[in-house]
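Side-chain atoms are counted along with the backbone in the values below, which use heavy atoms only and exclude waters and symmetry mates.
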Amino acid sequence: MSVQTFTTATSVDDAVAAVAAGARPVAGGTDLVVGARSGKSTMPESVVAIHRVAELHGVESLADGGLRLGALASHAEIAASDDVRSRFTALSDASAIVGSHATRAQGTVGGNLMNASPAMETGGPLVCLGATVTLRSPSGTRSVAVEDLWTGPGKTSAAADELLVGVEIPAPPAGTGSAYLRLEYRRQMEIAVVGASAAVTVADGLVTDARVAMTALSATIRRIPEAEAALIGSDGGSAAIESAGAAVAAASTPISDVRGSADYRRAMAAVIARRAIDQALSRARGENA
């Protein structure tokens, strides 16, 4: 299939109307073009370019301490944000290693989320940071927790006439640190063999809250409640971190493919999770990690 209809939207309303009429929204196009060239997907019959919609751009620090990412915020823009680096550090970790320099310059957070790859970099950090996405359709607007957006590889809970217009992240509590780490074979154009995100809050020497999410180990990125329970109420020491890592491995349901066997991924899940948690704890304590 080849593109038969191509339009350019200049407002959110224009973009939503085109999507409702069956057009595929495109901005950076990094996933769409690669998928078509590799034969993994076909080009849509109708496309609407949304890169000129000003409302969809930007990384904005909010008055309540939260953060808003326009759907078209690029990975490079997110990684360069001082606020993201200082307070939403796991997201900075992830955005800084997406694809190549060219991919980070063109690829957008909205496209990344709607592509719904279980190996995406930014998904785990956004889950652990409690992010929500805003979806707009001709009938209105609704918010969905990021972890509820994905229903399977390449599949989301968004309706066919909905456009993702932004991502909102609440202000992290005082004493919170976060981190994202992945197992990789090379430094550029790589996706995670295993990825781990952690966000922890420390008060009076104890972990008062913890979120741990794993990438590339299930059909969707998901939190591991058993790992979180191992950390909450603990001093964040080696025993708690070891227990959390073991819980991650036990909860993993990886597949075997050319990049790694299921057993290898499961074993590495515990290692990468421990390292991400340890780094998040160091940042929560104000250490330079």
Side-chain angles (χ1 to χ4, degrees), residues 61-69 78 81-95 121-133 143-150 167-182 194-215 217-218 220-252 269-289:
S61 299
L62 303 178
D64 63 1
L67 186 75
R68 182 185 184 279
L69 308 174
I78 295 168
S81 166
D82 290 337
D83 195 18
V84 175
R85 287 203 303 266
S86 63
R87 298 194 301 129
F88 306 92
T89 318
L91 181 58
S92 177
D93 292 340
S95 298
E121 310 298 349
T122 59
L126 289 172
V127 166
C128 287
L129 293 169
T132 60
V133 298
S143 294
V144 177
V146 166
E147 58 195 298
D148 295 329
L149 178 65
W150 310 302
V167 182
E168 291 75 36
I169 310 174
T176 296
S178 63
Y180 172 77
L181 292 174
R182 73 180 183 191
V194 173
S197 302
V200 295
T201 303
V202 175
D204 298 324
L206 296 178
V207 178
T208 59
D209 191 26
R211 294 186 179 190
V212 178
M214 298 305 295
T215 295
L217 287 176
S218 300
T220 61
I221 295 170
R222 62 188 182 92
R223 286 171 60 181
I224 310 297
E226 298 84 356
E228 297 168 354
L231 295 169
I232 295 173
S234 77
D235 62 357
S238 58
I241 296 173
E242 186 71 26
S243 294
V248 164
S252 299
V271 175
I272 300 302
R274 290 197 302 265
R275 292 178 182 177
I277 292 166
D278 185 57
Q279 188 157 313
L281 283 164
S282 294
R283 289 171 172 169
R285 295 166 179 145
E287 299 168 5
N288 184 17

Hey, could you give me the [atom1]/[atom2] distance between [X] and [Y], rounded to the nearest 0.5 Å?
X: Ile241; Y: Ile277; atom1: CD1; atom2: CD1; value: 7.0 Å
X: Leu91; Y: Leu69; atom1: CG; atom2: CG; value: 6.0 Å
X: Ser61; Y: Ile169; atom1: OG; atom2: CD1; value: 10.0 Å
X: Leu217; Y: Ile224; atom1: CG; atom2: CD1; value: 7.5 Å

Side chain to side chain contact (heavy atoms under 4.5 Å, CB included) between Leu281 and Val207, intermediate numbers included
CA-CA 9 Å; Leu281 283 164; Val207 178; 3.9 Å; yes
For [X] against [Y], the heavy-atom pair lying closest together:
X: Ala179; Y: Ala276; answer: CB-O, 3.6 Å
X: Gly124; Y: Ala213; answer: O-CB, 4.1 Å
X: Gly65; Y: Pro172; answer: O-CD, 4.5 Å
X: Ala131; Y: Val167; answer: CB-CG1, 4.0 Å
X: Val200; Y: Ala284; answer: O-CB, 3.9 Å
X: Ala249; Y: Ala270; answer: CB-CB, 4.1 Å

List the residues meeting side chain to side chain donor-acceptor pair (under 3.5 Å) with [X], not counting sequence neighbours, and say none if there are none.
X: Arg275; answer: none
X: Glu228; answer: Arg223
X: Ser178; answer: none

Sorted by chain and residue number, the salt bridge (Lys or Arg N to Asp or Glu O under 4.0 Å) partners of Arg274 (sequence neighbours excluded) come out as Glu242
Taking only residues two or more places apart in sequence or in another chain, which ones pass salt bridge (Lys or Arg N to Asp or Glu O under 4.0 Å) with Arg68?
Glu168
Among pairs that include at least one residue of residues 195-211, which meet side chain to side chain donor-acceptor pair (under 3.5 Å), considering only residues two or more places apart or in two chains?
Thr176-Thr201
Who passes side chain to side chain contact (heavy atoms under 4.5 Å, CB included) against Ala273, sequence neighbours left out?
Ala196, Met214, Val248
According to side chain to side chain contact (heavy atoms under 4.5 Å, CB included), who are the partners of Thr215, at least two apart in sequence or on a separate chain?
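For Thr215 the side chain to side chain contact (heavy atoms under 4.5 Å, CB included) partners, ignoring immediate neighbours, are Tyr180, Ala192, Ile221.
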Backbone N/O of Phe88 and side chain of Ser92: donor-acceptor pair under 3.5 Å
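No; zero donor-acceptor contacts below 3.5 Å.
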Please tabulate, for the side chains in residues 229-238, all donor-acceptor contacts under 3.5 angstrom to protein atoms that are two or more places apart in sequence or on a different chain.
residue, atom, partner, partner atom, Å
Ser234, OG, Leu231, O, 2.6
Ser234, OG, Gly236, N, 3.1
Asp235, OD1, Gly237, N, 2.9

Determine which pairs satisfy salt bridge (charged side-chain N to carboxylate O under 4.0 Å, His left out) with at least one residue from residues 81-93, sequence neighbours left out, and list them in order.
Asp82-Arg85, Asp83-Arg87, Asp93-Arg283
